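Notes follow the structure.
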Amino acid sequence: MTTILPTSEEDPALSVVRFTSELSWADAGPEVAEPQVSRLCTEAQECMVMARWFDLVSLMLTSADVILSKVSEKDLECIFTVICNVVTKSESPDEALEMAKLISAKITQQPSDKPALRLKILFNLYNLLENPYSRFFVYLSALNLAINGKVTEHVIPSFKKIESFLKEWNIGVSDERQLFLTISNVLREHKSLAKESFKFLSKYLATFSGEDAYILSEAKEEAVRTIVEFVKAPDLFQCDLLDMPAVGQLEKDAKHALAYQLLKIFLTQRLDAYLEFQAANSTLLKGYGLVHEDCITKMRLISLVDLGSDESGRIPYNLIRDTLQINDEGVELWVVKAITAKLMDCKMDQMNQVVIVSRCTERVFGQQQWLTLRSKLATWRGNVANVISTIRANRIAEDGSQAVQGLVIR
């Protein structure tokens, strides 16, 4: 095994240049190799003396393609640790960023070759950087490497810290947009994380609020993808996509208007509207990768919840049967399914054939929902005030009664 780290006083960066150049020119023979190695080492020394750190990194990376295929993973990690450490020597944030870009580009060139090691090198580089934007750039490079190298499981745990990262990086809207979309692309590789993928897709679309029509048009394809992910997810029943300009632009779009119509059905209408849409657009739905039976299941749950949102809070069994297009025996089964999915809290009155709803999930939460909530809170406040008044009145009456008894005893 070749030893990379020096045992002499030679600078580690110079040792790496010497090692990689000797390895690169090994097949040319001593007569050709030695002058080349000497030339590269001299050039490296000049860069260090003159503090030309970007040039030094560029020189050290020259033979990277060769060493990536010839040395062990342990030695490769040592080499790139030394290369990455050069970024700490620069006093210019801009130069450090350019060096980070150079190293990241080299590391991500062949993502399928030793992807886990390449990812480790990028995170080592990340930890060495002080400039927030440089860190963001390397992190984004790591995410793309994880996707292309199919090692996304290594980066997913970091998503829990995204909010703190964003505060640290202080990046602009355009970079946030790119970050959210990339994270969603990482998560979509894992079916069990579909809800998380949808969350970051929604964050991505939300960044387009306030943009003009030209910028909004960039989000059309992802807006359609977000709609499809919402419809497809068996455990997603609520979202605010209809309020987003990036989604709203699809309503009158010649190519994507039907996608918007589909979303509107799932957020504002019932099963009959979906069945009518499916009958006219079955090919489109198959193209989206949607399974008709799964859509029916979701729409039945949604329709049942919509029935429960009525102010009376009482749903007759026969109304459930007709709305969900099921037989009498299936009514209670679907009510149980809605309770299990935590879409509603209710009791089934089998004697009177009615479901009494105490709570149900709203598919959208807009102005109307806020007004309803305000009304309910006002009612609740009034009820509490009445209870307090009653308690006070009873306490006064009780105190008066005790006082009278005291006088009698005396």
Side-chain angles (χ1 to χ4, degrees), residues 191-192 194-195 197-199 202 224-242 247 258-366 368-369 372:
K191 291 184 178 180
S192 61
K195 185 179 285 189
S197 176
F198 174 81
K199 181 180 81 172
S202 297
V224 173
R225 172 186 156 192
T226 309
I227 291 171
V228 172
E229 286 202 9
F230 173 76
V231 173
K232 189 180 293 186
D235 55 350
L236 279 175
F237 300 93
Q238 186 182 58
C239 73
D240 56 355
L241 292 181
L242 288 176
V247 175
L258 288 175
Y260 182 87
Q261 187 178 339
L262 178 65
L263 175 66
K264 203 163 184 179
I265 288 171
F266 272 79
L267 288 178
T268 64
Q269 299 180 53
R270 296 177 181 174
L271 178 63
D272 57 341
Y274 165 73
L275 292 175
E276 183 179 345
F277 180 89
Q278 190 275 337
N281 302 283
S282 59
T283 303
L284 176 72
L285 295 178
K286 289 179 181 177
Y288 287 154
L290 297 172
V291 179
H292 179 51
E293 290 74 17
D294 294 340
C295 289
I296 288 179
T297 297
K298 186 166 183 173
M299 277 304 302
R300 278 179 173 153
L301 288 170
I302 286 173
S303 300
L304 177 56
V305 172
D306 192 53
L307 291 174
S309 64
D310 184 76
E311 290 185 6
S312 69
R314 299 172 67 87
I315 321 172
Y317 275 31
N318 61 353
L319 181 58
I320 296 174
R321 179 198 64 206
D322 295 342
T323 303
L324 273 57
Q325 301 186 23
I326 54 177
N327 54 35
D328 290 329
E329 290 74 22
V331 170
E332 293 186 356
L333 173 64
W334 281 97
V335 172
V336 171
K337 284 183 178 181
I339 295 171
T340 303
K342 298 181 180 180
L343 293 174
M344 62 195 309
D345 295 330
C346 60
K347 295 180 180 180
M348 290 180 280
D349 184 347
Q350 294 178 321
M351 182 70 69
N352 295 307
Q353 295 283 284
V354 67
V355 175
I356 303 170
V357 180
S358 55
R359 180 200 65 84
C360 64
T361 300
E362 297 283 356
R363 287 181 281 179
V364 293
F365 209 91
Q368 183 58 46
Q369 285 70 36
T372 301

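None of these values were measured; they are calculated from a predicted model. Positions are given from 1, in the same order as the sequence printed here.
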request  = Provide the closest heavy-atom pair for N281 versus L258 in the form atom of the first, atom of the second, distance.
outcome  = OD1-CD1, 3.3 Å
message = How long is the straight-line distance from CD1 of I315 back to OG1 of T323, given to the nearest 0.5 Å?
response = 9.0 Å
request  = For I227 and A259, work out which heavy atoms get closest and say how close.
outcome  = CG2-O, 3.6 Å
message = Donor-acceptor check, side chain of K298 to backbone of L236, threshold 3.5 angstrom: yes or no?
response = yes
task = Determine yes or no for a side-chain-to-main-chain donor-acceptor pair under 3.5 angstrom, with S303 supplying the side chain and R270 the backbone.
result = no
remark   = Tested for side chain to side chain contact (heavy atoms under 4.5 Å, CB included) against R300, the lone hit among L304, I302, I296 is I296
key: Stepwise side-chain contact (heavy atoms from CB on, under 4.5 Å) test for T226 and L263   = CA-CA 10 Å; T226 309; L263 175 66; over 6 Å; no
remark   = Output for pair (L242 CG, L267 CG), nearest 0.5 Å, gives 5.0 Å
Minimum heavy-atom distance between S358 and C346, given as atom pair plus value = OG-N, 4.2 Å
inquiry  = Could you tell me if Y317 and Q350 have a donor-acceptor pair between their side chains, going purely by distance under 3.5 Å?
reply    = no
inquiry  = Evaluate L333 against I326 for side-chain contact (heavy atoms from CB on, under 4.5 Å), listing each step before the verdict.
reply    = CA-CA 10 Å; L333 173 64; I326 54 177; over 6 Å; no
message = Nearest 0.5 Å, please: how far is CG in L271 from CG in L301?
response = 10.5 Å
note = residues 334-347 vs side chain to side chain donor-acceptor pair (under 3.5 Å), sequence neighbours excluded, gives D345-R359
message = Can you list everything that forms a side chain to side chain donor-acceptor pair (under 3.5 Å) with E229? Sequence neighbours excluded, please.
response = S197, R225
inquiry  = With side-chain contact (heavy atoms from CB on, under 4.5 Å) as the criterion, how do Q278 and L285 come out once you've worked through the C-alpha distance, each side chain's angles and the decisive distance to 0.1 Å?
reply    = CA-CA 7 Å; Q278 190 275 337; L285 295 178; 3.6 Å; yes
Point-to-point distance, once rounded to the nearest 0.5 Å, from CE of M299 to CZ of F266 = 5.5 Å
query = What distance do D306 atom CG and T361 atom OG1 have between them, rounded to the nearest 0.5 Å?
reply = 12.0 Å
Pairwise side-chain contact, L290 with L262, heavy-atom cut-off 4.5 Å (strictly under) = yes
ask   = Is the number of heavy atoms from other residues, nucleotides or ligands under 6.0 Å of E276 CD greater than 12?
value = no
message = Checking the side chain of R321 only, and the main-chain atoms of V331 only, is there a donor and an acceptor separated by less than 3.5 Å?
response = no
request  = For residues S202 and L241, report the shortest heavy-atom separation together with the two atoms involved.
outcome  = OG-CD2, 4.0 Å
message = Working to the nearest 0.5 angstrom, can you tell me the gap between I320 CD1 and M348 CE?
response = 9.0 Å
query = Can you name the closest pair of heavy atoms from R363 and Q269 and give their distance?
reply = NH1-O, 2.6 Å
key: Residue list, side chain to side chain donor-acceptor pair (under 3.5 Å) with E329, at least two apart or on another chain   = none
request  = Give the minimum heavy-atom separation between C295 and V231, together with the two atoms involved.
outcome  = SG-CG1, 4.0 Å
task = Answer yes or no on whether K232 is positioned over the face of F198, meaning its NZ or CZ is under 6.0 Å from the six-membered ring centre and within 45° of the axis.
result = no
